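Written out below as structure tokens is the structure these notes cover.
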Amino acid sequence: MDDRYNPQAIETKWQKKWKESNAFSASDNSDHSDYYVLEMFPYPSGRIHMGHVRNYTMGDVVARYKKANGFNVLHPMGWDAFGLPAENAAIERSIHPREWTYDNIKSMREQLERLGLAIDWSREVATCHPEYYKHQQQIFLDFYKNNLAYRRKSWVNWDPVDNTVLANEQVIEGRGWRSGALIEKKELSQWFLRITDFSDELLEDITQLSRWPEKVQLMQQNWIGKSEGAMVTFPICDQKENLEIFTTRPDTLFGASFCAISPNHPLCIELAAENEIIRNFISDCNQSGTSLVDIEGGEKKGVDTGLSAIHPLDSNIQIPIYIANFVLMEYGSGAIFGCPAHDQRDLDFALKYNLPVITVVCPSDKNPSNFSVKNTAFTGSGTLINSGFLNGLNVDKAKEAVVKELISLGLGHATTTYRLRDWGISRQRYWGCPIPMVHCDRCGIVPVPISYLPVTLPDNVDFDKPGNPLANHTKWKKTYCPKCGKKAQRDTDTMDTFVDSSWYFLRFCSARADTPFLEEDLKRWMPVAQYIGGVEHAILHLLYSRFFTRALKRCGYLNFDEPFNGLFTQGMVCHETYKDQSGQWMYPEEVEFDSNNSAKSVSTGEKIIVGRSESMSKSKRNVVDPEMIIKGYGADTARLFMLSDSPPERDLEWTEAGIRGAWRYLSAVWRLVLDIAKSTQNNSNVETFEINNKHIRAIHCAVHGVTNDLEKFHFNRAVARIRELTNTLQSLDLDIKEEANIARQGAKNLIQLLSPMVPHIAEELWTLIGEKESIYETSWPVADEKYLTNTNVTVGVQVNGKKRGVINLPENHDEELAKKLALSETSVLRAIDGKNIKKIIVVQGKIVNIVI
RNA sequence: GCCCGUGUGGCGGAACUGGUAGACGCGGCAGACUCAAAAUCUGCUCUGGGAAACUGGGUGGGGGUUCGAGUCCCUCCACGGGCACCA
């Protein structure tokens, strides 16, 4: 073997060996404890990016570390393979989406394999494969049977560029999350999944996910948006119908000075038929949509309907009903009562339209007889005033009293609403899982029988026509009704790709089964012990997956609720951005730095403007191709750098200097271990050394510390500790027999500690130092306690909290000794300067503080 | 606007439950090897004063609790993220 570190040679060598020995296949009948580690599967865009490298390296460290600790590890990989880019490629380059996708999968798999990931590829799945989506269709049919999937007409967010419907969460600032096009409103019949059936469960159970980041728990809680309040009925003067209003502040009911309904409220639409002003106002609101409202800074506008509502608690009071642009049809009941004194938005509206402001809650530090709200609404708690039978009660008591009264009047009840709404999954696209339903003129909507599955996508489709290729297809949609046998039509919609990713983690457990998954496999592997992915999926994917698991439970597929026991969300990979003089983004390899560290264009020498570091993205061209890095430095170097500099949950700044540093370090380890291997003998029995030998202690401390760090996902600290150990080993004199023996022992531990992070070089060095077994099969080292506890400690001595010196003490020293030694230090005595000592604080093994 | 997070040398970041701030790395400086460079190795590197011993300051700003605060509390500022006419 070459004396120089040659990553390309050893990496391909070991990747071949691992593959040949099936090293990473998970056993479905092992006696060991099972451990399922999973990273979010990628969309097969064709090339991996640094985000993937970071994500999959972390997962690989966990997989290999757990394996070394005796676990039977499941670490699979697959492809989130349906979706729009495949269709775009079809349109732009006349490649069939299937061909494009499978080509991409092939090249991305090669790239991932080149990273040396300990993945069980025998379980690989692609969501676009009929063997995957036929099970998804079966699950959909079961959801339908169990009333968890339903169809209804609804206003949808229509993306005019992608020609498809988007879920609310896919609309960002009024624009499509993918296309960026302004979203229009359109009414269509759509399939929905009843996620709101589980609102409460999803909300409550999330607090029990102790190994999830609190941030993600909170984001999901906010997303579900539970609020408790009351539904109140306001009769309308001279009308049969009542106005139903949801409020979280029923206590302020006597402060109501107007009602407001949404422009999309049924009553509003009814009124619009005979009223042009209202008609104009509605179209105004619909037109402006979200975007204009944002631009105008959310001005509150309304139109008086001329109708009046009767106050539910006092029929002598009539309050005007407005149509207001800030009332949402989708939330609550689409109607509110305005209490200007205690809601800033209502107050703004009241001041604009000259409506009365009735103060009904007085803060505890104000005088109830003269407190009144002027320009700032009071939203805190206090005592009720001007409120009839509620006067004198606090807010909470008043809420209860009002609800009680409303119930007895038959005009209301306590209720809870959620921000979360049902999940619309219909997409007017070709490259997705077909919805296995048939529309029959006689029988209505008829499910495709399970034995007919899969409903496969047709091959010969035309992407040149606008709209849904499946609907445009001449033959595919034509079928026979499974019920009456007469001619009928297939549903031409496909499912949102978030459906595909809501159960793939279950499929991995039984990747080749005839049913979606087998119960005994789920029993072995689920829930996922450690899930790792980007925080950008904190809400959608993770919430949908939690819902899916519960829905599957309800349909009798499985018997647990939460799919992911542990969740880790890693930060993004960032890079500086570069622009040339004309404002064009530049790739990092097009930029060089001169000796003054100013940036120039490689080709023209033109000065380059260096921008702040941002998340790597193709549009800003601040990307570094992992393949180039692997070619230049090797996969181990790329992996090590991904783990070393930043804490994994934070963003990582990609730098050329950083990657070179990682490479230099691995080269140094290579030389160090080679030196040690050459100059020492492999004696298998581990020697014991004198308890205070600082070198042997350093080794055991490193083993102990790295183990703790890996358990806690502190990869960057683990790397720092391993480097410290390397420094220690480098300082040993191999000509001295005892030190050489320590060095050999230390080198072995060093290789073991490194092995989850940089597996190829670890395997090679493990062999070079005389070991026969693959390091992947070798047990994790355990630190010997006796080398960890200190017999002597160095303790700082402070005078008035300021460090003035250090003293050495036995670990179990008493107070007197500490005081005595502290007061014999010259630097300490100088600081005391003969002054009177008031007190001496001694914390054993930590600190001595002398107060003067 | 509301909710959450972060703020430590030139840079990325360490610091267990309040107990010696700056581990480890990057960069920089000096030196060794070399005809020279690269690579490698050695040393120094928070900052002001000082030749040095030593000494003053220092974890976004201000205040507080404590013998002792990067860590806890209050307040302000900056940056990042989530939600947003949510009734």
Side-chain angles (χ1 to χ4, degrees), chain A residues 4 173 213-223 225-227 229 245-250 252 259-260 262 290 293-294 297-301 324-328 330-339 342-346 348-349 417-419 535-536 538-539 571 597 612-613 641 644-647 649-653 655-662 664-665 667-668 671 705 708 714 716-727 730 793-807 827 830-831 838-852:
Chain A
R4 280 192 51 173
E173 285 169 9
E214 277 176 41
K215 181 172 66 166
V216 175
Q217 295 186 19
L218 207 80
M219 280 162 75
Q220 292 208 358
Q221 280 165 11
N222 290 338
W223 188 261
K226 179 177 183 170
S227 54
I245 283 175
F246 174 74
T247 178
T248 55
R249 293 293 304 271
T252 64
C259 287
S262 161
T290 25
V293 171
D294 286 345
E299 193 195 345
K300 284 146 198 63
K301 286 187 286 193
N325 64 343
F326 62 86
V327 181
L328 303 174
E330 302 81 24
Y331 186 77
S333 61
I336 64 160
F337 75 75
C339 176
H342 305 291
D343 182 303
Q344 189 58 44
R345 188 193 42 200
D346 294 348
D348 294 345
F349 192 80
T417 58
Y418 298 86
R419 213 185 76 100
V535 73
E536 65 272 21
I539 297 170
N597 216 15
R612 63 179 204 128
S613 180
F641 177 58
S644 30
D645 266 15
S646 293
E649 68 278 7
R650 260 196 253 174
D651 287 354
L652 171 84
E653 168 85 9
T655 59
E656 186 63 26
I659 193 79
R660 276 204 312 270
R664 225 167 23 224
Y665 170 70
S667 305
R671 284 191 303 270
N708 277 342
H714 294 155
N716 58 324
R717 288 199 252 170
V719 172
R721 249 187 252 277
I722 292 174
R723 292 181 96 129
E724 271 177 326
L725 173 62
T726 312
N727 292 343
Q730 277 170 337
V793 285
T794 310
V795 166
V797 182
Q798 299 178 333
V799 177
N800 278 353
K802 198 160 282 188
K803 181 191 162 196
R804 294 298 176 181
V806 287
I807 51 174
S827 58
R830 195 168 45 230
K838 284 186 191 149
K839 190 155 65 157
I840 300 179
I841 289 139
V842 177
V843 182
Q844 197 190 65
K846 300 269 186 189
I847 201 97
V848 177
N849 192 6
I850 299 163
V851 186
I852 56 170

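Sequence lines set the chain letters: A, B, ... in the order given, protein chains first and strands last, and positions in each chain run from 1. As the structure is a prediction and not an experimental result, all values here were calculated from the model.
- Applying the 90° criterion around 0 to the glycosidic angle, B:G9 comes out syn.
- Heavy atoms of A:Asp346 sit nowhere under 4.0 angstrom from any nucleic acid atom.
- Rounded to whole Å, the separation between the C1' atoms of B:G58 and B:U47 comes to 8 Å.
- For the C1' atoms, the distance linking B:A14 with B:U42 amounts to 25 Å, nearest Å.
- In this structure B:A36 sits in no base pair that meets the Watson-Crick or G-U test at under 3.5 Å.
- Shortest non-hydrogen contact noted between A:Gly805 and A:Ser827 is CA-OG, 3.9 Å.
- With a cut-off of 3.5 Å on both Watson-Crick or G-U wobble distances, the partner of B:G48 is given as B:U55.
- Shown here for A:Ile245 and A:Phe337, the closest heavy-atom pair between the two residues is CG2-N, 3.6 Å.
- A gap of 24 Å separates the P atoms of B:G48 and B:G25, to the nearest Å.
- Base contact: A:Gln798 has a heavy atom under 4.0 Å from a base atom.
- Among the heavy atoms of the strands lying under 4.0 Å from A:Arg345 is at least one base atom, whether or not backbone atoms are also near.
- Under the 3.5 Å distance criterion, the side-chain polar atoms of A:Asp346 are matched with a main-chain donor or acceptor of A:Cys339.
- Across all strands shown, A:Thr655 has no heavy atoms under 4.0 Å from either base or sugar-phosphate atoms.
- As judged by a 4.0 angstrom heavy-atom cut-off over every strand, A:Leu218 is placed among residues touching the sugar-phosphate backbone only.
- Side-chain N/O atoms of A:Asn849 include none lying less than 4.0 angstrom from OP1 or OP2 on B:U20.
- No donor-acceptor distance shorter than 3.5 angstrom exists from the side chain of A:Asn325 to the backbone of A:Lys300, with no hydrogens or angles considered.
- Residue contacts shown for A:Val797 are absent, as no nucleic acid heavy atom lies under 4.0 Å away.
- Here the side chains of A:Thr248 and A:Ser227 are in contact, with some heavy-atom distance below 4.5 Å.
- At a threshold of 4.0 angstrom between heavy atoms, the contacts of A:Lys802 are confined to the sugar-phosphate backbone, with no base atom among them.
- Separating the CZ atom of A:Arg671 from the C1' atom of B:U40 is a distance of 6 Å, rounded to the nearest angstrom.
- Not a single donor-acceptor pair under 3.5 Å links the side chain of A:Thr417 to the backbone N or O of A:Gly332.
- A donor-acceptor distance shorter than 3.5 angstrom exists from the side chain of A:Asn800 to the backbone of A:Ile852, with no hydrogens or angles considered.
- Taking atom P in both B:A69 and B:A21, the straight-line distance is 11 Å, to the nearest Å.
- One interatomic measurement links the two molecules: CD1 of A:Ile659 to C1' of B:G12, which rounds to 14 Å at whole-angstrom precision.
- As judged by a 4.0 angstrom heavy-atom cut-off over every strand, A:Thr248 is placed among residues touching the sugar-phosphate backbone only.
- Ranking B:C41, B:C67, B:U20 by closeness to the A:Ile847 side chain, first place goes to B:U20.
- Rounded to an integer number of Å, the gap from A:Asp651 CG to B:G7 C1' is 15 Å.
- In terms of position along RNA chain B, the nucleotide closest to A:Glu653 lies nearer the 5' end than the nucleotide closest to the other residue of the pair A:Lys839 and A:Glu653.
- Between the C1' atoms of B:C16 and B:U71, the separation comes to 12 Å (whole Å).
- When the P atom is compared between B:C67 and B:G18, the two are found 16 Å apart, to the nearest whole Å.
- Between the side chain of A:Lys300 and the base of B:C85, a donor-acceptor pair under 3.5 Å is found.
- The pairing partner recorded for B:G70 is none, the criterion being a Watson-Crick or G-U wobble arrangement whose two distances lie under 3.5 angstrom.
- Between A:Arg419 and B:A84 there is a side-chain polar atom (N or O) within less than 4.0 angstrom of OP1 or OP2.
- Residue-level contact check: A:Arg721 touches neither bases nor backbone, having no heavy atom under 4.0 Å from any strand.
- The shortest distance between the side-chain N/O atoms of A:Asn800 and the OP1/OP2 oxygens of B:G68 is not below 4.0 Å.
- With a cut-off of 3.5 Å on both Watson-Crick or G-U wobble distances, the partner of B:A14 is given as none.
- Remark: the separation of the P atoms in B:U6 and B:G13 is 13 Å, to the nearest Å.
- In a base pair of the Watson-Crick type (N1 to N3 plus N6-O4 or O6-N4) or a G-U wobble (N1-O2 and O6-N3), with each distance short of 3.5 Å, B:A30 is matched with B:U42.
- The partner of B:A21 is absent, by the rule that a Watson-Crick or G-U pair needs both atom distances under 3.5 Å.
- In this structure, B:G80 and B:C4 make a Watson-Crick or G-U wobble pair, each of the two defining distances being under 3.5 angstrom.
- Taking atom C1' in both B:G19 and B:C74, the straight-line distance is 24 Å, to the nearest Å.
- Residue-to-nucleotide contacts include no donor-acceptor pair under 3.5 Å from the side chain of A:Asn222 to the base of B:C83.
- Across all strands, A:Lys803 comes closer than 4.0 Å to base atoms (heavy-atom distances).
- One can place CZ of A:Phe641 at 9 Å from C1' of B:G12, the figure rounded to the nearest angstrom.
- Dashed line: the shortest gap from a side-chain N or O of A:Arg650 to OP1 or OP2 of B:G80 is not under 4.0 Å.
- Residue contacts shown for A:Val806 include a base, since a base heavy atom lies under 4.0 Å away.
- Separating the CZ atom in A:Arg804 from the CD1 atom in A:Ile850 is a distance of 11.0 Å, to the nearest 0.5 Å.
- Nearest-nucleotide positions on RNA chain B place A:Lys215 closer to the 5' end than the other of A:Gly796 and A:Lys215.
- Side-chain N/O atoms of A:Arg723 include none lying less than 4.0 angstrom from OP1 or OP2 on B:A23.
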